[in-house]
Novice: 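Below is one structure. I have some questions about it.
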Amino acid sequence: MEKTYNPKDFEERIYRDWEEKGYFKAVRDDDKVPFTIMMPPPNVTGQLHMGHAMDETMQDTIIRFKRMQGYCALWLPGTDHASIATEVKVVEELAKQGIKKESLTREQFLEHAWAWKEKYGNRIIGQLKKLGSSCDWSRLAFTMDEKCSKAVREVFVNLYNKGLIYRGSRIINWCPCCKTALSDAEVEYSEEASNFWHLKYFLEGSDSEGVVVATTRPETMFGDTAVAVNPADERYKAYIGKNVILPIINKPIPVVADEHADMTFGTGCVKITPAHDPNDFEVGLRHNLPVVKVMNDDGTMNELTGKYNGMDRYECRKAVVEELKALGNLVKIEPHAHNVGHCYRCHTSVEPIVSKQWFVKMQPLAKPAIAAVYDKKTTFVPERFAKIYYNWMENVKDWCISRQLWWGHRIPVWYCPDCGKVICSKTDPDCCPDCGSKNIYQDEDVLDTWFSSALWPFSTLGYPDDTSDLEYFYPTDVLVTGYDIIFFWVARMIFSGLEHMRKVPFRDVLIHGLVRDEQGRKMSKSLGNGVDPLVVIDKYGADSLRFSLLQGVAPGNDTRYSDGKVEACRNFMNKVWNASRYVIMNCQGRTIKPVSEVKLTPADKWIISRLQSAIRDVTLMLNKFELGIACQIMYDFMWSDFCDWYIELTKPALWSDDEARKDGAVSVLYFVLDNALRLLHPFVPFITEEIYQSLPGTQGSIMVAPFPRYNSKLAYKKEANAFAGVMEVIKAVREVKVETGCAPSKKVNVYLVTDAKRLIQSNAECICKLAGAECVKVISSQEEAGEKLITKVTSIGTLYIPMGELVDAEKERARLNAELDRVMGEIKRADGKLNNHGFISKAPKKLVDAEREKLNKFIEMRDKILSQLENL
RNA sequence: GGGAGCUUAGCUCAGUUGGGAGAGCAACUGCCCUACAAGCAGUGGGUCACAGGUUCGAGCCCUGUAGCUCCCACCA
C-alpha cells in the first residue's frame, strides 16, 4: 500500500469491478426481504450539483447498509425529461445556432430535444457513477421511455374515465416567455414595489359623478367587465345596478355588489377583470359577467386595446396611465408593494389568464392522501414536514396539467372535427369511433412533467402490467429528497400511488435540506457560486466528498459546503488508510486467529468493547436515518479509539519477540479493522473496498459482506471500564510532562499508590510506551518514590513522578491548588445533588449510586491533594 | 395573514428517550517517535438568544419575547 491515500488510484477501477460483477443488480429473491429506493430522477437539463451529490450519497449509504444486512436491495436510477426546463434549454441552444423554434416542425424540434437528452442524460449517469452510486443500472429509467409513457397513458385515461381529468376554461398562470400554462406550484411569488393607481370611472351620463377604483394593473382595464362594491358599503349603495363608463374605450360596465370588495381596503371599489385575475374570475362567475381577454400569449396587448395593440404589457401600463391622466381619470398614485408571480423556470412574471386547459380534480385524490399520512402509512422524517404536506394537500386546487410545449408526454386525446367527439385513448386511434371520420387530430399539448414523475415509484416497476417486480418491490421503503419538492413531487406521488396502486408509494420520506455555499447562500447559476461535485471528487476523492456531505448534517436542515470540510474528511480517509496499512503490514507472516481463540489483554477487551458500542449505535442511527450522527460515531471510533489509543497500545506487543503475543495483537487488530471497514463501507465505499481487498483472508467484495452485528458477549463492559483507569494514568503522566516543561523524549519514572495494583502492573509496558515513562511501579507509600516529586491525583490512585531540577515548589503548589479547586468543585456539585431530597427519592437508583460513588472518589482525591500540599 | 425552522466555543455545525456542554476548522505550546506532518501529545475558549414555567434535575419539554431564515396564502 502507498504511504498516502490517493483515491485516484482505485476509485474508477473499483466501480468498474462492482459493475462487472453485477453487485448492483437487484433480482427478486423470495428468501430475502426487499428494500427499495427510487432515485429521484435528476433533470436532463444539465449536470449534477452539490444538492444532488448529497441526495445520492444519502441514498447510496442507506441502500449499501441494507444490502449488507441481507435485504434484497434495489436502488432504481433514472432521469427526468423535465419538460419545460429542457425545452427552454433546447430553445436557447438552438438560438445560439441561429435557429428559431418556430421555424422547426414539432418532429424536428423533438429530434434536437432527444439529442440533448442523450448528451446530458449520459453525463448525469457518469457523474452518479463517479460518486459511487450502487444503483441497478439494468433498470435505468427515463420518464419518457416506453415503460413510463405507457403508465402515463394508462393513468391519464383512467382518471379521465373516472371524471378526475377534465378540460375547461379557467384562470391559469401563463408564462409569456415560455408561452405555456403553469401549475400553481410552478409559480414563485416575490414582493415588488409598485403603485396603486386610483382611477375614476364616471357614471353613465355624468361628467362628475362616479366611482374611484384602486388598481395595481391599470393596463388590464380594457378587460374590465364590472366594478364591484361591498353590498354593505353605504358609500356606494346608490351605484349598485347602474353603469359606469370604462375610460379610453368608453364602454359601459355595471356596478355589482359582491363580498369580494373589501370596504377597508383601497377605495372599496374594485375593477373586475375576469380574464386576468383569479378573484375577478370568481366574481365574474357569480354575476355572469363576460370574460374579455386583452392580452396575447407573448404578454403583449391584443386588438381589443385599440391603439395599444401589440404593445408590451408594461409599456402599455405606462402609456395607459399617461392617457388616463390626460383624460382626467387618474385621481392619485399611491406607492404600493405587492406580490408578483414568476415562472419557476425562466423567472418572467406570469400572467393570470383565462385559458382552456386540462385539469386534474384534486379533492377526491387529496382526501385519501391526507389520511394515509395521518394514519402513518407514510412517515415524514423529520416529522415536521408532514405539516407542510397537510397544509398543501388540504388547500390544493385543481392541478393544471396541460402545457403548450412540445417536449413531453403528448395528451392522449383526439378530437373529431366532423362529429365533435372527444376521444381519450390508451392507444392511438386512426378514426373516430362514433362517426368513423379519419379527420381526427390529437391535442397539441403535452403534460406537466410532474405528471409522469408522480408515477415514478410504480411506472418504473412495470405498471400497468402485473409484474413480479411490482409485486415484490412496491411499495418502496424510503424516498430521499429535499424539502423543496414536497409539493411538486412527494405529494403527487402519494396520491398517485394510492389512486393507481391502492398503496402508498413509500413507507418513509427522508427529507433533507439544501447544500448552500460557504456564506450560506443558495448555490445558483446566476450567482456563480455553485461548486461542481466532479471537481471536488477529482481533487479529494468521492469518499471524502461523500463523508463531508453526511457528517454533522441533521435531517431536514440546510448545510454549507466548504472545501475545508472536504479536506478534513480527506484527512480522515488518510487516517483510515494508514491505520489499515499498519494492520496489514503487521499481518504479514502472522497467523490470524478468531478473537474467540485469543488470550485477550485488557486493551484488547477495551477496543472490542468500543467496537461493539460503535456497531450498536451506528446500526441504530442508520435505521433512524440519522446519517450525520452515524458518521460522527465512526469518525470518533476510528480516529480516537482505534488509531490514537488501540494501535499505539499494540506496539509493545508487536515489537516484542513473543510470537504468541504478536499473533494475539494482530488478530485483534484484524478483527477490529475488518469490522470497522464494514461499518464504514456504506458511507465511504471506495476506500473500504480498496483496503478490504488488501486485507489477507478476505473473499469477494466488501459490498456484499455482512454488516457487523452487535454481540453482547463481546461488550466487556467491566473490563473496558477498568481499562479507562489505565488510560487515565497515561494521560496524567503526559500532562505532567507537558506542564513541567519536561523534554518529550525524556523518560520519567512513575510511582503509583493504588489499589488497582494488578491492573497497573499488567499494563505497565503500555503505560510506559504511551506516556513516555521509563518504568511504572506500584508503591505503598510516597517515601518509596524519593524526592523532588510531582504529584498527580487520579481516580485510580496517586502518581508520583520524580522530576529532579524541574520541580519548582511554588509552581507545584499552584498546580496542586488548581487541581484542588477542580476537585472541590466536583465535590460541591455531587454533594449538592446528594443533599437534594428530591434527587435521592425520585432519580433512578442507578444514577444516585453513581453520584455517590463519584462523591467518594472525589473526596478521596481531595484528601490526597490536601495532604500533599501539607507535605510540600 | 397562516405555518415552519434557526439562535450552542472566534467560524461552521452536532447534541433523539431531560441525568456532569461536543466535533471540525481556527488559536496557543511542544514534538519528524519504525501507520499517518493529510500526523502526534497537550492547552485555552461557551450565563447553550432573552424572560418565565414544569421537574429532584432543562441546551433538550411548555408559554411568552426578540433577531434571522424559509414556506404557504393573499391585499383588487
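Quick note on labels: first sequence line is chain A, next is B, and so on, each numbered from 1.
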Novice: Tell me the interatomic distance from A/M50, atom CE, to B/U12, atom P, rounded to whole angstroms.
Specialist: 19 Å
Novice: Which residues satisfy the ring-ring contact (aromatic ring centres under 6.0 Å, His included) test with A/F222, sequence neighbours excluded?
Specialist: A/Y308
Novice: Say we look at B/C11 and B/G45: how far apart would their C1' atoms be, to the nearest angstrom?
Specialist: 13 Å
Novice: What distance, rounded to whole Å, do you find between the two P atoms, one in B/A27 and one in B/U47?
Specialist: 23 Å
Novice: Mind checking A/G552 for me? I need base, sugar-phosphate or nothing, with any heavy atom below 4.0 Å counting as a touch.
Specialist: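 A/G552: backbone/sugar contact only, no base atoms under 4.0 Å.
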Novice: So which pairs with a foot in residues 825-859 of chain A pass ring-ring contact (aromatic ring centres under 6.0 Å, His included), sequence neighbours left out?
Specialist: none
Novice: Check the side chains of A/Y646 and A/D644 for a donor-acceptor pair under 3.5 angstrom, ignoring hydrogens and angles.
Specialist: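 No, no side-chain donor-acceptor pair sits under 3.5 Å.
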Novice: With a cut-off of 3.5 Å and sequence neighbours excluded, list every side-chain donor-acceptor pair involving residues 379-389 of chain A.
Specialist:
residue	atom	partner	partner atom	Å
A/R384	NH2	A/N557	OD1	3.3
A/Y389	OH	A/A369	O	2.7

Novice: Can you tell me how far P in B/U7 sits from the matching atom in B/C61, rounded to whole Å?
Specialist: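 Comparing P positions in B/U7 and B/C61 gives a spacing of 11 Å.
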Novice: Where along residues 543-551 of chain A does a heavy atom come under 4.0 Å from RNA chain B, residue by residue in number order?
Specialist: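 Listed by number, there are none.
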Novice: Sequence neighbours excluded, which residues qualify as ring-ring contact (aromatic ring centres under 6.0 Å, His included) partners of A/H342?
Specialist: none
Novice: Sequence neighbours excluded and cut-off under 3.5 Å, please list the side-chain donor-acceptor pairs for residues 569-577 of chain A, or say none.
Specialist:
residue	atom	partner	partner atom	Å
A/N574	OD1	A/Y5	N	3.1
A/N574	OD1	A/N578	ND2	3.3
A/W577	NE1	A/E2	O	2.9

Novice: Provide a list of protein-nucleic acid N or O atom pairs under 3.5 angstrom, restricted to nucleotides 68-72 of chain B.
Specialist:
none

Novice: What's the gap between B/C40 and B/A35 when it is taken at their C1' atoms, as a whole Å value?
Specialist: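 To the nearest whole Å, 12 Å.
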Novice: Closer than 3.5 angstrom, by distance alone: can the side chain of A/N529 be matched with the main-chain N or O of A/K522 as a donor-acceptor pair?
Specialist: yes
Novice: Please determine if a side-chain N or O atom of A/R734 lies less than 4.0 Å away from the OP1 or OP2 oxygen of B/G42.
Specialist: yes
Novice: Check every strand shown and say whether A/F385 touches a base, only sugar-phosphate, or nothing at a heavy-atom separation below 4.0 Å.
Specialist: nothing
Novice: Just call it for A/A568: base, sugar-phosphate, or nothing, with non-hydrogen atoms closer than 4.0 Å on any strand.
Specialist: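 Touches sugar-phosphate only.
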Novice: Rounding to an integer number of angstrom, what distance separates B/U43 and B/A23 when you compare their P atoms?
Specialist: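 Nearest-Å result for B/U43 against B/A23 at atom P: 12 Å.
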Novice: Output the rounded distance in Å from CD1 (A/I730) to C1' (B/C40).
Specialist: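 After rounding, the gap between these two atoms is 15 Å.
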Novice: Whole angstroms only, please: what is the OH-P distance between A/Y390 and B/A4?
Specialist: 14 Å
Novice: Using every non-hydrogen atom in the two residues, find where A/E518 and A/D563 come nearest and quote the distance to one decimal.
Specialist: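 So the minimum-distance heavy-atom pair works out to OE1-N, 4.4 Å.
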Novice: Indicate, with a heavy-atom threshold strictly under 4.0 Å, whether A/D636 touches base, sugar-phosphate, or nothing.
Specialist: nothing
Novice: To the nearest Å, give me how far apart CD (A/E739) and C1' (B/C28) are.
Specialist: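 After rounding, the reported distance stands at 15 Å.
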Novice: Could you check A/K8 against A/D538 for salt bridge (charged side-chain N to carboxylate O under 4.0 Å, His left out), going step by step and ending with a plain yes or no?
Specialist: CA-CA 8 Å; A/K8 275 192 180 159; A/D538 191 58; 3.4 Å; yes
Novice: Just checking A/H837: base, sugar-phosphate only, or nothing, at a heavy-atom cut-off of under 4.0 Å?
Specialist: nothing
Novice: Could you write out each protein N or O paired with an N or O of nucleotides 30-38 of chain B at a distance under 3.5 Å?
Specialist:
residue	atom	partner	partner atom	Å
B/A35	OP1	A/K651	NZ	3.1
B/A35	O3'	A/R581	NH2	3.1
B/A35	O2'	A/N578	OD1	2.6
B/A35	O2'	A/R581	NE	3.3
B/A35	O2'	A/R581	NH2	2.6
B/A35	N6	A/C643	O	3.2
B/A35	N6	A/E648	OE2	3.2
B/A35	N3	A/N578	O	3.2
B/A35	N3	A/A579	N	3.3
B/C36	O4'	A/N578	OD1	3.0
B/C36	O4'	A/N578	ND2	3.4
B/C36	O2'	A/N574	ND2	3.0
B/C36	O2	A/K575	NZ	2.9
B/C36	N3	A/K575	NZ	2.8
B/A38	O4'	A/N571	OD1	3.0
B/A38	O2'	A/N574	ND2	2.7
B/A38	N1	A/Y5	O	3.2
B/A38	N3	A/R570	NE	2.8

Novice: If I pick the P atom on B/U69 and the same atom on B/U12, what distance separates them, to the nearest angstrom?
Specialist: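 These two P atoms come out 15 Å apart once rounded.
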Novice: Looking only at atom C1', what distance separates B/U17 and B/U63, rounded to whole Å?
Specialist: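 Approximately 23 Å lies between the C1' atom of B/U17 and that of B/U63.
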Novice: Can you check the A/F380 CZ to B/A4 P distance for me, whole Å?
Specialist: 16 Å
Novice: What contact category does A/K397 fall into here, base, sugar-phosphate, or nothing, at under 4.0 angstrom with non-hydrogen atoms?
Specialist: sugar-phosphate
Novice: Measure from CD on A/E383 to P on B/G3 and round the result to the nearest Å.
Specialist: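 The distance from CD of A/E383 to P of B/G3 comes to 19 Å, rounded to the nearest Å.
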Novice: With sequence neighbours excluded, tell me which residues meet salt bridge (charged side-chain N to carboxylate O under 4.0 Å, His left out) with A/D9.
Specialist: none
Novice: Output all residues satisfying ring-ring contact (aromatic ring centres under 6.0 Å, His included) with A/H336, sequence neighbours left out; order by chain, then residue number.
Specialist: A/F196
Novice: Given the ring of A/W399, does A/R492 sit roughly above its face, with NZ or CZ under 6.0 Å from the centre of the six-membered ring and within 45° of the axis?
Specialist: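 Yes, A/R492 lies over the aromatic ring of A/W399.
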Novice: Suppose we screen for ring-ring contact (aromatic ring centres under 6.0 Å, His included). Which residues come up paired with A/W655, at least two apart in sequence or across chains?
Specialist: none
Novice: Counting Watson-Crick and G-U wobble pairs whose two distances are both under 3.5 Å, find the runs of 3 or more in a row that involve RNA chain B.
Specialist: B:1-7 with B:66-72, B:10-13 with B:22-25, B:27-31 with B:39-43, B:49-53 with B:61-65
Novice: For A/R384, which contact category applies under a 4.0 Å heavy-atom criterion: base, sugar-phosphate, or nothing?
Specialist: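 A/R384: backbone/sugar contact only, no base atoms under 4.0 Å.
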Novice: Taking atom P in both B/G15 and B/C31, what distance in whole Å separates the two?
Specialist: 39 Å
Novice: Counting only heavy atoms not in A/E334 (residues, nucleotides, ligands), do more than 12 fall under 6.0 Å from its CD?
Specialist: yes
